[in-house]
2 protein chains.
Amino acid sequence: MADTAAPTKKQEIIAQAYDAFYDGGFHATGIDTVMANSGISKRTLYKYFPSKEDLIEAVLEQYGEDTDTFLFKPAFARSDDPCEQILALFDIRQEMMSKNCRGCLAMKAGQEYIGKHDGIAARGKDASVYVERRFIELCEKAGLKNATDTARQLNLLFQGAALAGQMQQDPGVFDVAKRAVHILLAAA
Amino acid sequence: MADTAAPTKKQEIIAQAYDAFYDGGFHATGIDTVMANSGISKRTLYKYFPSKEDLIEAVLEQYGEDTDTFLFKPAFARSDDPCEQILALFDIRQEMMSKNCRGCLAMKAGQEYIGKHDGIAARGKDASVYVERRFIELCEKAGLKNATDTARQLNLLFQGAALAGQMQQDPGVFDVAKRAVHILLAAA
DNA sequence: GACAATGTAAACCGATCTGTTTACTTGTGG
DNA sequence: CCACAAGTAAACAGATCGGTTTACATTGTC
């Protein structure tokens, strides 16, 4: 049978660490803080994750899966038109930010661990490249002439909006981004 | 006489902390690490800056001044045409990133201290808003119809390129950004 | 009911953190 | 020559860090 049953202890730990790191930062949040009032003992944590860095990598992997589940799949489901799907990505990201005004967790980790822990830093780079690649696929499906370049432009808007929105604590920047998307797609 | 003489001890400390925090992160870099091999004693540091957070705020203020000195002023000096000045901003930011592939220090600090230290977090927001305001001034000077909106779009590209460039360790993303700038300006 | 597996709670370890204090050195001005 | 301001170097203090260990509780199973 598939492993679709109740959440594993491992998944519980990841879920707990997820928000603790997201809200508190990685270096600033200690292991004790991560597991406080969670009913999970430090011993169990270190049984599944030999080091804090291992836990962080697991959290970032979960974050990647969540990005597919809650961002890309819903966006693709909203329409069959690739241009509409692109706009849906900005829409859904804005909705996510309206609920919880946070940037990209993987890039946050990358910023903290660049030059210090290659595995974690690579997750930040991967996140940036991954979103770019999905935009490229969509632009190609839309039959744009310079699909790659347009897609990379969209990617910069997307990541810029996530960062500026977090800094200014205002998801409204995605409205600005979406107007730019219309222009860039029309010009391509 | 103006205070243009030799660097103050205070400025020395800030200069030392500047790169230590930029390269190592704020929470991850301890005071001892900051001042190691600098010939500056911890006692002197705490004489001028009563806490680490005070030092960080001073570093970020210096960062703001540096942004004016090494980014905005040179960009404005390159041309009198506001559209050329906008492109010069992207050009110079790319040159800075080619020498040292780092993102925005103030937003890095903002990410680490949002919800933890309002003074520092505000510096991140201020940085984001400040750049946006300068773009607005330039777009208005260029006589664009929807100056504000276009400026905010440029701002997202600018900040997105700084972030993605840092993540991917590739200043080439600014070439992508500049092509988008041309399109957005032409459409406005 | 014995037993092994899995878990919690909490004491513990050495290192490191922010911040303070003590002791010494080095000009510099009257 | 002495007083004083400003500095370095380093020991120190209490808290917290990542990580380990000890002791105990809860399971399901043969």
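Note that the structure is a prediction, hence the values are computed from the model and not measured. Lettering of chains follows the sequences in order, A, B, ..., and the numbering in each one begins at 1.
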- Message: How many whole angstroms separate atom CD1 of B/Ile40 from atom C1' of C/dT26?
- Response: 17 Å
- Message: Set out, in order, the CA-CA distance, both residues' side-chain angles and the distance that settles salt bridge (Lys or Arg N to Asp or Glu O under 4.0 Å) for B/Glu53 and B/Arg123, then state yes or no.
- Response: CA-CA 12 Å; B/Glu53 285 75 23; B/Arg123 302 276 180 169; over 6 Å; no
- Task: Take atom NZ of B/Lys9 and atom P of C/dG27, then tell me their distance rounded to the nearest Å.
- Result: 12 Å
- Task: Take A/Phe26 and A/Arg43, find for each the nucleotide of DNA chain D with the closest heavy atom, and name the residue whose nucleotide sits nearer the 5' end.
- Result: A/Phe26
- State, to 0.1 Å, how close B/Phe158 and B/Leu89 come at their nearest heavy-atom pair, and which atoms those are. CE1-O, 3.7 Å
- Message: Closest approach to the side chain of B/Tyr46, judged atom by atom: which nucleotide of D/dA6, D/dG19, C/dT20 is it?
- Response: C/dT20
- Query: Taking atom types as modelled, is there a side-chain donor on A/Tyr113 or A/Asp118 under 3.5 Å from an acceptor on the other?
  - Reply: no
- Task: Before giving the answer on side-chain hydrogen bond (donor to acceptor under 3.5 Å, both in side chains), spell out for A/Asp68 and A/Tyr130 the whole-Å C-alpha distance, their side-chain angles and the decisive distance to 0.1 Å.
- Result: CA-CA 11 Å; A/Asp68 271 333; A/Tyr130 181 75; 2.8 Å; yes
- Quick one: A/Glu53 CD to D/dC17 P, roughly how many Å, whole number? 15 Å
- Query: Given atom CG of B/Asp54 and atom P of C/dT18, what is their separation to the nearest angstrom?
  - Reply: 14 Å
- Message: Classify B/Tyr48 by what it touches in the nucleic acid, base, sugar-phosphate, or nothing, heavy-atom distance under 4.0 Å.
- Response: sugar-phosphate
- May I have the distance from B/Ile56 (atom CD1) to C/dT18 (atom C1'), rounded to whole angstrom? 12 Å
- Message: Is there a side-chain contact between B/Thr44 and the phosphate of D/dT8, meaning an N or O under 4.0 Å from OP1 or OP2?
- Response: yes
- Query: Checking only heavy atoms, does the side chain of A/Lys42 share a donor-acceptor pair with the base of D/dG19 at less than 3.5 Å?
  - Reply: yes
- Message: In this structure, how many angstroms lie between the P atom of D/dG19 and the NZ atom of A/Lys52, rounded?
- Response: 8 Å
- Can you tell me which residue pairs pass the side-chain hydrogen bond (donor to acceptor under 3.5 Å, both in side chains) test with a partner in residues 27-42 of chain A, sequence neighbours excluded? A/His27-A/Glu112, A/Asp32-A/Lys42, A/Ser41-A/Thr44
- Give a yes or no on whether a salt bridge exists between B/Arg102 and B/Asp19, defined as a side-chain N under 4.0 angstrom from a carboxylate O. yes
- Query: Starting at CG of B/Leu45 and ending at P of D/dA9, how long is that distance when rounded to a whole Å?
  - Reply: 13 Å
- Going by number, which of residues 28-38 of chain B have a non-hydrogen atom under 4.0 Å from DNA chain C? B/Thr29, B/Gly30, B/Ile31, B/Asp32
- Are side-chain heavy atoms of B/Glu65 and B/Glu61 found at a separation under 4.5 Å? yes
- Item | Integer-rounded Å distance: D/dG19 C1' and A/Leu55 CG | 13 Å
